[in-house]
Amino acid sequence: MRFATILLAAALLASSAAAQTGGNAIPTTTLSLGTATPGGGFPLYGNAFAEVMNAADPQISIIPRNTKGSNENIPLLEKGELDLALVAGEPAYEAFAGIGRAKVALKILTAIYSNPGMFVVRADSPYKTIRDLVGQPVAFGAKGSGLPILARYVLDGLGLKQDEDFKAVYLDRAGDGPAMVEDGRVAALWGAGIGWPGFAAVASSASGARFIAPSAEEITRIRARHAFLKPLTVPANSYPRQTEPIASLGSWSFVLTREDLPDDVAYRLAKTLHGAEVTFCKKLAQACETTAANTVAAAPKVELIHPGVMKYFREIGVVK
């Protein structure tokens, strides 16, 4: 029996006992949440997610845990060593589709935010297009994270190979990338999302930043080969001194659950999360995209959303 299930059973027993004796004991369901390496977007989001959820419902205790990212989180969920985990869109897509591995039976708790992918370079850099970066050292993200996978799909759509056409660098910690751009160890850092810490750090540095995203023609070419990638926009002023919107493409990241997370636990999590949407948005800009409607729209198939979550969505009218 998995850890969270044991705790849930104990909580239900404690609740019954308290009701019978008139006691005031408040049972708590404790859940582990896998994030990623320090300095990246997943720990930032995961810590805020846990804080908001724990404050909104005293019977829930979510404990964030740093991991190596999406590629570690998926097997940890499968083995029951995590209850919940943040997983980027591309690893989730491959896992659900059984690309390079057996299909997973994991479920979606919520879509968290969209991930428009792009490169960042120093503002004084001579590089202005993706083709300009060919042959240059480029940091593609932390080992085990979803960022290198997104980059692989984007570059493949342009006929480029990540490890052959670039001097690919994979980070031990996501937070190491911005300094490498600043001091010239890499020409560019690949990342994704709105409010992504790596982009914010480079844009806030003394040298400033310039962002390189696929052109409109390149987006068309990429989507012709990888249609699951969606056109996305980084709004103006998402980063310091970024005065114009940036068109790119990418996918949505998710909070996934282990397959056997009880329906009533998933229902309670969904009700708590979406009841606290306004609070979560005020706490973290990226969390403004964490809505019930976005989860339904972002899920590759609605059947992949946890049944307990779907019960709540039907109650509030998001799905029929």
(message) Quick test of your reading: applying side-chain hydrogen bond (donor to acceptor under 3.5 Å, both in side chains), list the pairs with at least one residue in residues 186-213, sequence neighbours left out, ordered by first then second residue.
(response) E182-S205, E182-S207, S205-S207
State which residues pass side chain to side chain contact (heavy atoms under 4.5 Å, CB included) with [X]; sequence neighbours excluded, sorted by chain then number.
{"X": "A192", "result": "N115, L147, L150"}
{"X": "T129", "result": "R131, D132"}
{"X": "A200", "result": "Y239"}

(message) Side chains of S251 and E90 only: does a donor on one sit below 3.5 Å from an acceptor on the other?
(response) yes
(message) Could you check whether Q59 and T29, counting side-chain N and O atoms only, form a donor-acceptor pair closer than 3.5 Å?
(response) no
(request) Going by the side chain to side chain contact (heavy atoms under 4.5 Å, CB included) test, name the single residue among V138, L189, V121 that passes it with V181. (result) L189
(message) T257 and side chain to side chain contact (heavy atoms under 4.5 Å, CB included): which single residue from L109, L82, L269, V309 fits?
(response) L109
Side-chain polar contacts of residues 310-320 - donor-acceptor pairs under 3.5 angstrom, sequence neighbours left out - could you list them?
residue, atom, partner, partner atom, Å
E315, OE1, Y267, OH, 2.6
E315, OE2, Y267, OH, 3.3

(request) In plain terms, say whether E218 and R225 are close enough for a salt bridge, that is, a side-chain N and a carboxylate O under 4.0 Å apart. (result) no
(request) Salt-bridge test for R101 and E78: reply yes if a basic N is under 4.0 Å from a carboxylate O, no otherwise. (result) yes
Output yes when a side-chain donor or acceptor of [X] lies under 3.5 Å from a complementary backbone atom of [Y], and no otherwise.
{"X": "S32", "Y": "D83", "result": "yes"}
{"X": "N294", "Y": "T290", "result": "no"}
{"X": "Q286", "Y": "G195", "result": "yes"}
{"X": "R223", "Y": "L229", "result": "yes"}
{"X": "N54", "Y": "I62", "result": "yes"}
{"X": "N66", "Y": "A36", "result": "yes"}
{"X": "N73", "Y": "L86", "result": "yes"}
{"X": "Q242", "Y": "E244", "result": "yes"}
{"X": "T233", "Y": "P235", "result": "no"}
{"X": "T67", "Y": "T35", "result": "yes"}

Any heavy-atom pair between the side chains of [Y] and [X] that's under 4.5 Å?
{"X": "S248", "Y": "V234", "result": "no"}
{"X": "H226", "Y": "D156", "result": "yes"}
{"X": "L158", "Y": "I130", "result": "yes"}
{"X": "L160", "Y": "V134", "result": "yes"}
{"X": "S114", "Y": "E289", "result": "yes"}
{"X": "V87", "Y": "L106", "result": "no"}

(request) Could you please spell out the steps behind the side chain to side chain donor-acceptor pair (under 3.5 Å) verdict for T295 and T110? (result) CA-CA 5 Å; T295 298; T110 184; 3.2 Å; yes
Show every donor-acceptor pair shorter than 3.5 Å between a side-chain atom in residues 168-176 and any protein atom, with sequence neighbours excluded, or say none if there are none.
residue, atom, partner, partner atom, Å
Y170, OH, Q162, NE2, 2.8
Y170, OH, D163, OD1, 2.5
D172, OD1, K143, NZ, 3.0

(message) Once you measure the plane-to-plane angle for F49 and Y45, does it fall in the parallel (<30°), tilted (30-60°) or perpendicular (>60°) bin?
(response) parallel
(request) Establish, yes or no, whether a centroid distance under 6.0 Å links the rings of F119 and F199. (result) no
